[in-house]
Every structure is written in C-alpha cells, then in structure tokens.
Amino acid sequence: MEAHFFRRLCVELSVHLIGARIEKFFEPAPDTTTIVIHRTGRKQNILLQAGRRFPLLFLSDKRPVNPDTPSAKSMWLRKYAAGKRLGAPVVDWCNRRIAFPLSTTPVTWLVLDLCNGVFIAKEEPEWAGFEPAWCEPEDLPQVLASSEVWSKYPQLTPPLRNVLTTLLGEDPMDAQALFVDLEYGYGSVASEEDISELGNVYVYAKNGKPAEAFVWALPESIRGHREERTVATAIEAATMVGETRLFAELAQAEASIAAKPVAAALKRTKKTLARLTQEEDRLERMIAGQQQAMLLQACLWQIDADRKMPSVTLTVPDGIEGMQAGDAVSITLDPRKTIRENMAHMFKQATRGKRGVDMLAERRHILEMQYARLQRGEGEVPKLQTEKKLSGGALKRQQKRQAKDKFIQRFRSSDGFLLLRGRNAQGNHEILNRVSSYDLWFHAEDGPSAHLVLHLDYPDQEIPEQTLREAAVLVGIKSWQREDEQARIMFARVKNVRKIKGAAAGKVRAEAEGSLLVKLEPELEETLRSGI
C-alpha cells in the first residue's frame, strides 16, 4: 500500500471509525488480523495484513475463515481492547501506521502498523502526527536524481518517484502541480460529506482483478495494459484491492497446507515402492540359486559332497530346466560350508525367495492402490509414527472434526473449483461451518435436496458458467427431482443462508440470488469426484 494512498485512507478512516465498538480479534493467518467492529447498527471487519512486500488495510463486510482455536495474540488483543470504542486517531502516514485511542481509563492505544501488525500501546505513540520535510517544487529534478532521496524525503515513495520522473519528462508543470497537491494534503475532514470533496481515487486492475490503488492517475506510459477505474473514496479502493489479494492469498495458503500431508504421503509411498523393487531384485537372485542347487544335487554323486571349497565347476546333465546340457557351469560356494550344506542352503534360500516374492506382490498391490487414491484425494493420509500426538482439547477437536468429515463429499469442477456436498442432514449442517460468507450455496427449489457449497478463492471471483451448471447438477441428482430429466436449482451467498435455531440439522432460511434449470447427468458425479 503506497504511503500517500494510506494517508488518504487514514483521513477517511478517522471519520468512518470514530465511535465504533470493537467486538473481537482473529488471526486467520500469520501477520494477518481481523478486527470485528460494530458501527452504526451493523458489523464490519477491519482487515490488516502486515509486511513490507504488499501490506493491506481495508474494511470489508466479509470475514476470512478463522482457525478452530484463537491464537494467543488474538486472545491478548481481546483482553485489552474487546468492548472498547475507537477515538480520533493519530497518524504517521510516511511509515504507514495509525493509532486509535480506546475508551479505557487510563487511555490505551490500538496501533495498526502495516509493517509490524496490530498491538496495544499504553501511551500515545511518540511518532503521532509526524510530518516529513518537503523540498521546493522547482528542485524536484535534483532531488529525484539524488541517491539520498529516500532517507531525506521518505514521502517520495518509489511509485511516486516513477510518476514524477515521467511527468517531468512530459510536462514539468503537471509534475509540480501533483507534488504541491500532495504536500498540502487533505485539510480538515469532519464528515462523510467532506470525504466526497477530496477527489477520485484510481484503481488499476491486471487481468480484470484490482491490483493497486493510488491517489493520482498513472501516465499512459506507466499504466501499460492495466485497466484504470476511478472510485470516490480510498476506503472503497482499499476494499477492492484488499479483498481480491488477501482472500486469494489465504485460499492459496490453505490449499498449500492441505496439500502438504498428501504430498509427503505420496513421496513416502513412492520411496517404499522403490525399496520394494530393490527387495524384489534380491529375492529373484535368491530364487535363481535354485538352478545351481539342482545342478549340485544332480552331480553330487560325482564329487566329494562333504568337502569345503570356494567354488566348483560342473558339467550340466540333461533334464535341468533353464540350463543347456553339456555346458560347464562354475558355482561360487561358501568355503565355510561343505558342498552338501551349500546345496541345502541354496534350496532353502530359493524357497524363502518365492514366499517373499508373493508377499511383496500383495504389498505392492496395496501400495499402488494407496498411491492412486492419494493422487485422487480419496481416503485418509497415513500418519507417521513419529508425528506429534495431540492430547486434551486439541485431540477432541480434531477427532470431532474428522468424525464430521465423513458426512461431506468433495468434488472438483471442470474449472478447478472445490465443491462440498452434504451426504445427509448432518453434512448439510456441517458444510456451512467449513466455508466463507462469500461462497455460493446451492439447493433444489420447492423440495428437499442435498446442500452444496461452491468454494471461491476471494469475494466477487468470477465463476465460469460450466462450474455453476456442474454444481447445480450435483444437487439435482441428490434431490426430490432426481428421477426427472431436469431440475430447478436455486443458489445464494452463504452470508444469506441462516440456520434456524431449534430446527432439525440442515434446516436453513436462505435469500436466493438466482436459479438454474439443468439437465441431470448422474455420471457427472463420478467424473468430478475423480478430479479431486
């Protein structure tokens, strides 16, 4: 988040958040904090992602999925800030941090720092109200060319330096005008009406997805193929960019975490199969020794069977399978044993080898089936004996969740979207606990059916028509219309689906967003399950 955009955002938040009451804190991912607030009769979420690469701060009606257990940091923040109201903040916009006084005695401060995250301060931060020095507009060419520009003028951020340098080459007056506008800032803003007088904010999208926001328009030479949109407020722009980026990153991280045990299990199974191949080679060599034992047995009358020798050379008689009669064959022996004892040992090893090969064939078949199931995402991931064992409440929560997993079926649409469908009333009830408020929920119209949720990576993600149709078909073939050729399926956002208190599991009240009439294809179920 660019510093001047953050400055404009803080001006708007100063008006928007004063008097808001904090309800809870969550930490859906490392360096990411959700602050649930109650303002003007409705709940909103302040979402902050700290870091130097691409920090985010925005307001959203949507909330990321939270872990089963609140983090220690979330509980600490709740202890000192939950139930308190936000006062007029102080800002250090150059370093992208803002602090709100809380309605406590003595006053404590809730600090939102885009580099270091969210924390509580007992006193007003010493950086409150920091303003950097500004150079003369006429000196911009020399300042921008200096290697010390960042340390002396921190407000000249890399994106701003890039824009000013471009404008100086095209029209120096435009560059100076932008510089002066930024220096004078936004004056006194006391109401929502004043915010509308601050001018437009510019959002730039890549591949249709909002990616960056600035308080100035990018010159054509810098904009490139990015699509420019103008919005009225920085709050709106921050939400557009923040929801797209944060929810997509969280979904990607969740998928990566979920894939790690499967990837590790696949790797372990592959190594085990490779070791089985080595063992099979060893057993085949043991079995091959049976021919030499039979040769020794056939020629035992010709030699001193009780003699100890390192090797013996024999002529192959007729009737020994796998050997050419008349050939001279040299057999390596264990010199510590007699020829007769070597022969008996070879027969014994060959018998063991045959038994071992049969056992390995069965073991290989099981492992290959397990490997195929893991690749399809079916079945449970085998646990290592060395894995840390859970105990107490954590174990009970894990067992409870795993017990509920059997009530949910998972599918993958042709376009790669995850689809969760309840197997029964308990599954229909449980899937609403596993999804986000912006996901899409499906159910048959005018009668009973399975519940299905289409999982999205981020709010307002574009859903292909094929995926919508496939989700509707999966519901239709598990509905009261399953014997018909077609089924009418409704869909709604999860946030508009409410469980009915006191009603049976799976009973909900939903505000439909639309409906689909689809042709039922029972074979689609197996096709999409194999795509997991």
Side-chain angles (χ1 to χ4, degrees), residues 1-18 46-52 54-59 86-101 109-118 124-135 137 140 143-144 149-164 167 175-192 194-204 210 212-218 230-242:
M1 182 176 288
E2 199 274 335
H4 291 275
F5 177 83
F6 180 79
R7 184 186 189 183
R8 166 73 180 267
L9 179 63
C10 288
V11 169
E12 297 181 15
L13 291 178
S14 299
V15 174
H16 193 80
L17 294 181
I18 291 178
I46 304 173
L47 295 167
L48 183 143
Q49 184 182 55
R52 296 188 178 277
F54 201 97
L56 298 168
L57 175 63
F58 62 98
L59 290 175
L86 302 175
V90 295
V91 178
D92 174 12
W93 58 270
C94 272
N95 293 297
R96 295 175 296 180
R97 48 192 177 183
I98 181 173
F100 292 87
W109 296 76
L110 177 66
V111 181
L112 310 183
D113 188 327
L114 266 62
C115 290
N116 302 305
V118 180
E124 181 178 356
E126 58 184 13
W127 43 258
F130 170 77
E131 287 292 335
W134 293 78
C135 66
L140 272 177
V143 170
L144 293 174
V149 59
W150 173 245
S151 60
K152 192 171 182 180
Y153 301 106
Q155 72 274 33
L156 294 179
T157 61
L160 179 57
R161 294 202 299 269
N162 193 18
V163 168
L164 289 175
L167 291 178
Q176 292 183 19
L178 172 60
F179 184 78
V180 171
D181 287 343
L182 294 175
E183 179 180 0
Y184 280 98
Y186 300 103
S188 176
V189 178
S191 66
E192 300 281 355
D194 293 336
I195 292 176
S196 62
E197 303 297 326
L198 298 179
N200 289 329
V201 178
Y202 301 87
V203 177
Y204 293 91
E212 297 173 292
F214 301 103
V215 292
W216 55 74
L218 294 179
T230 58
V231 296
T233 67
I235 289 178
E236 181 182 353
T239 301
M240 291 172 63
V241 176

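Here the structure is a predicted model, which is why all the values come from computation and not from measurement.
- Between Phe6 and Leu114 there is a side-chain heavy-atom pair separated by less than 4.5 Å.
- Taking every heavy atom of both residues into account, Gly87 and Ile18 meet most closely at O-CG1, 3.9 Å.
- Separation of atoms CD (Glu126) and CG (Asp92) is listed at 10.5 Å; rounding is to 0.5 Å.
- For the pair Phe54 and Met1, the minimum side-chain heavy-atom distance is 4.5 Å or more.
- One finds the CZ atom of Phe100 at 6.0 Å from the OG atom of Ser14 (value rounded to the nearest 0.5 Å).
- Side-chain contact check for Leu198 versus Val11: some heavy-atom pair is nearer than 4.5 Å.
- A donor-acceptor pair under 3.5 Å is formed between the side chain of Glu12 and the backbone N or O of Ala234.
- A side chain to side chain contact (heavy atoms under 4.5 Å, CB included) with Tyr184 is found for one member of Asp181, Leu182, Val180 and no other, namely Val180.
- Nearest heavy atom pair, residue Glu2 against residue Pro159, reads CG-CG, 4.0 Å.
- Between Gly117 and Leu48, the closest heavy-atom pair is CA-CD2, 3.9 Å.
- Counting heavy atoms from C-beta on, the side chains of Asn95 and Trp127 never come closer than 4.5 Å.
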Query - Phe214/His4 under side-chain contact (heavy atoms from CB on, under 4.5 Å): CA gap, chis, key distance, verdict - result: CA-CA 8 Å; Phe214 301 103; His4 291 275; over 6 Å; no
Requested in this report: Test side-chain contact (heavy atoms from CB on, under 4.5 Å) on Val111 and Ile98 and set out the steps.
Outcome: CA-CA 6 Å; Val111 181; Ile98 181 173; over 6 Å; no
Report task. Check the pair Phe58, Val241 against side-chain contact (heavy atoms from CB on, under 4.5 Å), reporting the backbone distance first and the verdict last. Result -> CA-CA 9 Å; Phe58 62 98; Val241 176; over 6 Å; no
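- The side-chain heavy atoms of Leu112 and Leu57, taken from C-beta on, include a pair separated by under 4.5 Å.
- Looking at Val15 and Ile195, their side chains come closer than 4.5 Å, going by heavy atoms from C-beta outward.
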Query raised in the report: Checking side-chain contact (heavy atoms from CB on, under 4.5 Å) for the pair Leu59/His16: CA distance, chi angles, key distance, verdict?
Result: CA-CA 10 Å; Leu59 290 175; His16 193 80; 3.3 Å; yes
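- One distance of note links SG of Cys10 with CG of Leu17; it measures 10.0 Å at 0.5 Å rounding.
- Residues Leu178 and Leu160 are in side-chain contact: their nearest non-hydrogen atoms beyond the backbone lie under 4.5 Å apart.
- Of the possible donor and acceptor atoms, one in the side chain of Tyr204 sits under 3.5 Å from a partner among the backbone N and O of Leu218.
- The line from CG of Leu140 to CG of Leu164 is 6.0 Å long, rounded to the nearest 0.5 Å.
- Between atom CG of residue Leu110 and atom CG of residue Leu86 there is a gap of 6.5 Å, rounded to the nearest 0.5 Å.
- Closest non-hydrogen pair, Tyr153 versus Ala133, comes out as CD2-O, 3.3 Å.
- Phe179 approaches Leu156 most closely through the heavy-atom pair CE1-CD2, 3.8 Å.
- Remark: Arg96 pairs with no residue by the salt bridge (Lys or Arg N to Asp or Glu O under 4.0 Å) rule, at least two apart or across chains.
- Between Phe130 and Trp93, a ring centre-to-centre spacing not shorter than 6.0 Å is recorded.
- Here the closest non-hydrogen pair linking Phe5 and Ala213 is CE1-CB, 3.6 Å.
- Considering only heavy atoms from C-beta on, Gln155 comes within 4.5 Å of Trp134 through its side chain.
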